Amino acid sequence: MRPLVAHIDLDALRHNYQLACRCAPQSRSVAVIKADAYGHGALECARALEAEVPAFAVACIEEAISLREGGIKKPIVLLEGIFTADELALVDQHNFWISVHSEWQVAALLAFSPRQPIPVWMKVDSGMHRLGFSLDEAPDVWRRLASAPQVTALHLMSHFATADAREGSYFNQQMAALTALAEALDAPLCLANSPATLAWPIAHGDWNRPGVMLYGSDPLEEANETTRQLRPVMSLRSEIIALRELEEGEPVGYGGRWRASRRSKIAVVAAGYGDGYDRHAIDGTPVLVNGQRCAIAGKVSMDMLTVDVTDVPGAAIGSEVVLWGAASNGAVLSIDEVARYCDTISYTLLTGVLPRAPRRYHGAFV
């Protein structure tokens, strides 16, 4: 079998969720498992967490139904709400929670007759300018929903644009507006994403929504004592499948972008952009070979990439190569560091790993 495998550590997932809970002990933390749990496998991650979490969160009803069909019974909130009015019948059938962010959603909900009232998170645009009711129109929408027999457990939700940044002026602007609105409406809050959960206790409301931190990625601009406790959940590992000896000046890969500055040993690794590894990885992007840091040399191909292993005397065909995550010897390569070399973020790397790289699950809940 081709050696590229995405190893998923479910014990690390549980550790990271528990860290989120410790950050905000007075809040309830919904586990965000949208986009197939950020590429980790939503059903497997939900099964590992279900005994501990009060609720899960996904983007859309298709994701939620897949979890129900897989046996997940905990509440599931649809973060983008419904996309068509006829989805409300499925929301009612499967006991989903919904967000509402648009007037048409409110109208559809108030025209619907559920078997029992539906928990609703009303989204307010406090500065992200993506989804949500404006601060001016929010009080009227809130009162209509609060008095509707179709609605229960109404919460105020918003999303922060800059909670990951050291400088907090815009975050504080959003927070002040939300605090004033919540006090005026006597509304419970659902605000904190991963960075706000980790770094902004003022944002810890009745509910928090940790997402990428559950998978071991640090969402802050600068790591702190808490984020250093995060453990990688996905370790993308492959092996060396060929070795080449190059003389000084010889090129590697398409376009000859990398040239040997000395007599060099180049390892060919079974992984490429056809598996979801980022083609934009530059020369020098780190990998671990037998637990030792090395660097990509040359452009990433569809099925292979090349690594300079000149300084790894034990490198051989079959040697372990870690593209991010934990090596067998315990060494760790942060996905956040790899993302910076690719001029992207960890989210895109994690969600971009394609099915050709099989997931193998480890931990107490396998």
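Here the structure is a predicted model, which means the values were calculated and not measured. Basis for what follows: all heavy atoms, side chains included, without hydrogens, waters or symmetry-related copies. Numbers for residues simply follow the sequence, beginning at 1.
In plain terms, the two heavy atoms of L288 and A327 that are nearest each other are CD1-CB, 4.2 Å. Between S194 and G211, the closest heavy-atom pair is OG-N, 2.8 Å. When all heavy atoms are compared, the tightest approach of N329 to G291 is ND2-CA, 3.5 Å. In terms of heavy atoms, T310 sits closest to R262 at CB-NH2, 3.6 Å. Residue Q150 comes nearest to L109 through the heavy atom pair CG-O, 3.6 Å, listed as atom of the first residue, atom of the second, then distance. Nearest heavy atoms, D336 versus G216: OD2-O, 4.5 Å.
With hydrogens and angles disregarded, a donor-acceptor distance shorter than 3.5 Å links the side chain of S27 to the backbone of G205. The closest donor-acceptor contact from the side chain of S102 to the backbone of Q105 lies at 3.5 Å or more, if one exists at all. E137 places no side-chain N or O within donor-acceptor distance of the main-chain N or O of F133, the cut-off being under 3.5 Å. The closest donor-acceptor contact from the side chain of H15 to the backbone of L230 lies at 3.5 Å or more, if one exists at all. Formation of a donor-acceptor pair under 3.5 Å by the D92 side chain with backbone atoms of A89 is not found in this model. A donor-acceptor pair under 3.5 Å links the side-chain atoms of S147 to the main chain of R143, judged by distance alone. Between the side chain of T197 and the backbone N or O of A20 there is no donor-acceptor pair closer than 3.5 Å. When atom types are taken as modelled, the side chain of Q292 and the backbone of D311 share a donor-acceptor pair closer than 3.5 angstrom. S319 places a side-chain N or O within 3.5 Å of a backbone atom of A316 that can act as its donor or acceptor partner. Checked by atom type and distance alone, the side chain of R237 never pairs as donor or acceptor with a backbone atom of G325 at under 3.5 Å.
From S126, atom OG reaches atom CG of L191 across 7.5 Å, with rounding to the nearest 0.5 Å. How far OG of S66 is from CG of L43: 8.5 Å, rounded to the nearest 0.5 Å. A distance of 9.0 Å separates CG of L181 from OG of S158, quoted to the nearest 0.5 Å. Here L145 contributes atom CG and L154 contributes atom CG; the two are 5.5 Å apart, rounded to the nearest 0.5 Å. One distance of note links CG of L243 with NZ of K265; it measures 6.0 Å at 0.5 Å rounding. To the nearest 0.5 angstrom, F160 atom CZ is 5.0 Å from M175 atom CE.
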- [ ] Apply side-chain contact (heavy atoms from CB on, under 4.5 Å) to Y17 and R14, showing your working.
- [x] CA-CA 5 Å; Y17 176 76; R14 293 177 65 242; 5.7 Å; no
- [ ] Step by step, work out the side-chain contact (heavy atoms from CB on, under 4.5 Å) result for L305 and Y273.
- [x] CA-CA 9 Å; L305 55 82; Y273 63 78; over 6 Å; no
Task: Stepwise salt bridge (Lys or Arg N to Asp or Glu O under 4.0 Å) test for R166 and E222 - done: CA-CA 8 Å; R166 288 175 297 168; E222 292 186 358; 2.9 Å; yes
Open item on the list: Using the rule given for side-chain contact (heavy atoms from CB on, under 4.5 Å), can you reason through T226 versus M213, listing the C-alpha separation, both sets of side-chain angles and the distance that settles it, and then say yes or no?
Closed with: CA-CA 11 Å; T226 303; M213 69 170 290; over 6 Å; no
Open item on the list: Is there a side-chain contact (heavy atoms from CB on, under 4.5 Å) between L67 and I33? Walk through the geometry before answering.
Closed with: CA-CA 10 Å; L67 294 173; I33 55 172; 3.5 Å; yes
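Shown here is R244, whose CZ atom has no more than 12 heavy atoms of other residues, nucleotides or ligands within 6.0 Å. Atom CD1 of I317 is surrounded by more than 12 heavy atoms from other residues, nucleotides or ligands within 6.0 Å. Heavy atoms from other residues, nucleotides or ligands lying under 6.0 Å from CG of D86 number more than 12. Crowding of H280 atom NE2: a count of heavy atoms from other residues, nucleotides or ligands under 6.0 Å not exceeding 12.
With salt bridges taken as basic N to acidic carboxylate O contacts below 4.0 Å, none links R359 and D36. The pair R28-D206 meets the salt-bridge criterion, since a charged nitrogen lies less than 4.0 angstrom from a carboxylate oxygen. Ion pairing of K34 with E80 is absent here, as no side-chain N (NZ or NE/NH1/NH2) approaches a carboxylate O to less than 4.0 Å.
V5 and I335 end up in different hydrophobic clusters when Ile, Leu, Val, Met, Phe, Trp and Tyr side chains are linked at under 4.5 Å. Connection of Y341 to V300 is not established within any shared hydrophobic cluster, with ILVMFWY side chains joined at heavy-atom distances below 4.5 Å, either directly or through further cluster members. A continuous path of ILVMFWY side-chain contacts below 4.5 Å connects Y361 to L13, so both sit in one hydrophobic cluster. Cluster membership for W104 and V141, using ILVMFWY side-chain heavy atoms within less than 4.5 angstrom, is shared. By the rule that hydrophobic residues join a cluster once side-chain heavy atoms approach within less than 4.5 Å of another member, M128 and V32 end up as members of separate clusters.
Contact of the Y215 side chain with the N16 side chain is not registered, since no non-hydrogen atoms from C-beta on lie closer than 4.5 Å. Two residues are said to be in side-chain contact when any heavy atoms from C-beta on lie closer than 4.5 Å; T152 and P119 meet this criterion. When side chains are defined from C-beta on, W207 counts as touching P54, because their heavy atoms get closer than 4.5 Å. Side chains of I266 and E250 form no contact here, defined as non-hydrogen atoms less than 4.5 Å apart. When side chains are defined from C-beta on, L214 does not count as touching V233, because their heavy atoms never get closer than 4.5 Å. In this structure the side chain of R144 reaches within 4.5 angstrom of the side chain of V106, judged on heavy atoms. Residues S29 and V53 are not in side-chain contact: their nearest non-hydrogen atoms beyond the backbone lie 4.5 Å or more apart. Using a 4.5 Å cut-off on side-chain heavy atoms (C-beta onward), C60 and F83 make contact.
A donor-acceptor contact closer than 3.5 angstrom links the side chains of R209 and H159. In summary, the side chains of H129 and D125 do present a donor paired with an acceptor at a separation below 3.5 Å, with no hydrogens or angles considered.
Through direct or relayed side-chain contacts under 4.5 Å between Ile, Leu, Val, Met, Phe, Trp and Tyr, V268 connects to I241, M304.
The one candidate from I76, I82, V91 that meets the side chain to side chain contact (heavy atoms under 4.5 Å, CB included) condition with I61 is V91. The one candidate from D303, L323, V321, V269 that meets the side chain to side chain contact (heavy atoms under 4.5 Å, CB included) condition with L4 is L323.
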